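In what follows, a single structure is set out as structure tokens and then discussed.
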Amino acid sequence: MNIWNADVYDEKLSFVSELGKSLIEMLNPKQGENILDLGCGTGELTNEIAKRGCKVAGLDASSHMIEKARKKYPHISFFVDRGETFRTQERYDAIFSNAALHWMKEAENVVQSMALALREGGRLVAEFGGKGNVDAIVKAIETVLLTNYGIDAKEKNPWYFPSIGEYSSLLEKYGFRVIYASHFARPTPLPDGDQGLDHWLDGFAGAFFADFELAEKTLAYQKIKSRLKAYLWKDGKWIADYKRIRIIAVKEGKA
């Protein structure tokens, strides 16, 4: 499981929320709608949705992220729960999720939770890592950990990066009709120059290095960066090899 640092997330990884703002346009929230932000992080996009006059709630599995969200946006309801198991008495008009579903490896359970939380005719609008997402970074981590430390990184991988077909099939199983799906490459510049990839690894890849001392982790990062320099370093910045899925689905049947 990834250990989230909410302050680092806001200070060093805020590009995640910035890139998600265009997803709100796809959601097209209407005045008075009841919307759930699933995997809301520190609440930046939850608040953007609230500005449209919606009743919105944020859910995240990290208590640290929710604590920060509550401090930033006390007018919004935030709660700690897991996408795989959450249940609610509310029936939402829409579920919005940005850069979160790929952290929820029990994908079928997540889809069932979402179906139960939506009213019939409600919509899901989501972006998440798709097949091949950060593939170069993952392969570099795997190679360094296996070659230098004898660690099989595949067992520590915290992510689920499906194809459109895989995720659409799960949605259809639980009564969704997929009306839009796109799987696209989005090379993403990381801020802070050479330190950008270090911040990314600290923020998102902590599960791979959970047992490392600081000095050992720093050395591993250097080895990873050395392997990636020829592929992901350009004009003084690291460019993460993101591949994303955007999907819109409507709940038609009963979960």
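These numbers come from a predicted model, not from an experiment. Reckoned from all heavy atoms, side chains included, excluding hydrogens, waters and symmetry mates.
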| field | D60 (side chain) donor-acceptor with M65 (main chain) under 3.5 angstrom | value | no
| message | Starting from W233, can I reach Y231 by hopping between I/L/V/M/F/W/Y residues whose side chains sit under 4.5 Å apart? | response | yes
| task | Taking E155 for its side chain and D152 for its backbone only, find out whether a donor-acceptor pair lies under 3.5 Å. | result | no
| Given the rule in the salt bridge (Lys or Arg N to Asp or Glu O under 4.0 Å) test, do E44 and K68 qualify, once you have shown the distances and angles that lead to the verdict? | CA-CA 10 Å; E44 196 72 27; K68 183 74 177 286; over 6 Å; no
| Chi angles and distances behind the side-chain contact (heavy atoms from CB on, under 4.5 Å) call for L171, I247 | CA-CA 10 Å; L171 290 168; I247 201 158; 3.7 Å; yes
| Do K229 and D194 pass the salt bridge (Lys or Arg N to Asp or Glu O under 4.0 Å) test, and can you show the C-alpha distance, the side-chain angles, and the key distance before you say yes or no? | CA-CA 10 Å; K229 200 89 173 185; D194 186 56; 3.7 Å; yes
| salt_bridge(K251, E172) N-O dist < 4.0 Å | no
| note | The residue among R91, R119, E90 that forms side chain to side chain donor-acceptor pair (under 3.5 Å) with N34 is E90
| query | Should F86 and F79 be marked as a ring-ring contact (aromatic ring centres under 6.0 Å, His included) after you check the CA-CA gap, both sets of side-chain angles, and the distance that decides it? | reply | CA-CA 10 Å; F86 83 92; F79 53 102; 7.4 Å; no
| query | When you look at S113 and R87, which way does the side chain to side chain donor-acceptor pair (under 3.5 Å) test go after all the steps? | reply | CA-CA 7 Å; S113 294; R87 296 292 183 267; 2.8 Å; yes
| Side chains of L38 and M114 in contact at under 4.5 Å (non-hydrogen atoms) | yes
| query | With a 4.5 Å limit on heavy-atom distance, are the side chains of L145 and F209 in contact? | reply | yes
| Quick one: do K237 and D192 make a salt bridge, cutoff under 4.0 Å? | no
| request: Return the minimal non-hydrogen interatomic distance between V250 and G121, and the atom names on each side. | output: CG1-O, 3.8 Å
| query | If you measure only the distance, is there a donor-acceptor pair under 3.5 Å linking the side chains of S22 and R246? | reply | yes
| message | Under a 3.5 Å distance rule, please check whether N148 uses its side chain to pair with a backbone N or O of V144 as donor and acceptor. | response | yes
| task | Count the heavy atoms of every other residue, nucleotide or ligand shown that sit under 6.0 Å from CD of E25, and state whether that count exceeds 12. | result | yes
| field | Given F96, Y167, W159, Y160, the one that forms ring-ring contact (aromatic ring centres under 6.0 Å, His included) with F128 | value | Y167
| message | For a salt bridge (Lys or Arg N to Asp or Glu O under 4.0 Å) check, start with the C-alpha distance between E67 and K71, then their side-chain angles and the critical distance, and finish with the verdict. | response | CA-CA 6 Å; E67 182 181 1; K71 288 178 180 177; 3.6 Å; yes
| remark: Closest non-hydrogen atoms of K105 and E84, given as atom of the first, atom of the second and distance, are N-OE2, 3.8 Å
| task | Nearest 0.5 Å please: distance from the OG atom of S77 over to the NZ atom of K55. | result | 7.5 Å
| task | Check for a donor-acceptor pair, side chain of S182 on one end and backbone N or O of Y180 on the other, with a separation under 3.5 Å. | result | no
| task | I would like to know whether K156 and E142 meet salt bridge (Lys or Arg N to Asp or Glu O under 4.0 Å); could you show each step before the answer? | result | CA-CA 10 Å; K156 296 177 176 290; E142 290 176 350; over 6 Å; no
| message | Whether the side chain of H183 engages the backbone of K131 through a donor-acceptor N/O pair (distance < 3.5 Å, no angle test) should be reported. | response | yes
| query | How far does CG of L118 sit from CG of L124, to the nearest 0.5 angstrom? | reply | 7.0 Å
| Any donor-acceptor N or O pair under 3.5 Å, side chains E108, Y174 | yes
| remark: In this structure, CG of D211 is separated from OH of Y149 (nearest 0.5 Å) by 13.0 Å
| query | Given I137 and W200, is the side-chain contact (heavy atoms from CB on, under 4.5 Å) satisfied, shown in steps? | reply | CA-CA 10 Å; I137 296 175; W200 192 95; 3.8 Å; yes
| task | Flag yes if L146 and L201 sit in one hydrophobic cluster, no otherwise; membership is Ile, Leu, Val, Met, Phe, Trp, Tyr, and two members link when side-chain heavy atoms are under 4.5 Å apart. | result | no
| message | Between I179 and L27, is there shared hydrophobic-cluster membership here, with clusters defined by ILVMFWY side-chain heavy atoms closer than 4.5 Å? | response | yes
| query | So, S226 side chain and Q222 main chain: donor-acceptor pair closer than 3.5 Å or not? | reply | no
| request: Look at the aromatic rings of F161 and H102 and report parallel, tilted or perpendicular, splitting at 30° and 60°. | output: tilted
| said: Strictly distance-based, threshold 3.5 Å: is any side-chain N or O of N133 a donor or acceptor partner for the main-chain N or O of K243? | reply: yes
| task | Please step through side-chain contact (heavy atoms from CB on, under 4.5 Å) for the pair V178 and I248, ending with a clear verdict. | result | CA-CA 6 Å; V178 177; I248 302 174; over 6 Å; no
| Nearest heavy-atom neighbours spanning D37 and S97 | OD1-CA, 4.5 Å
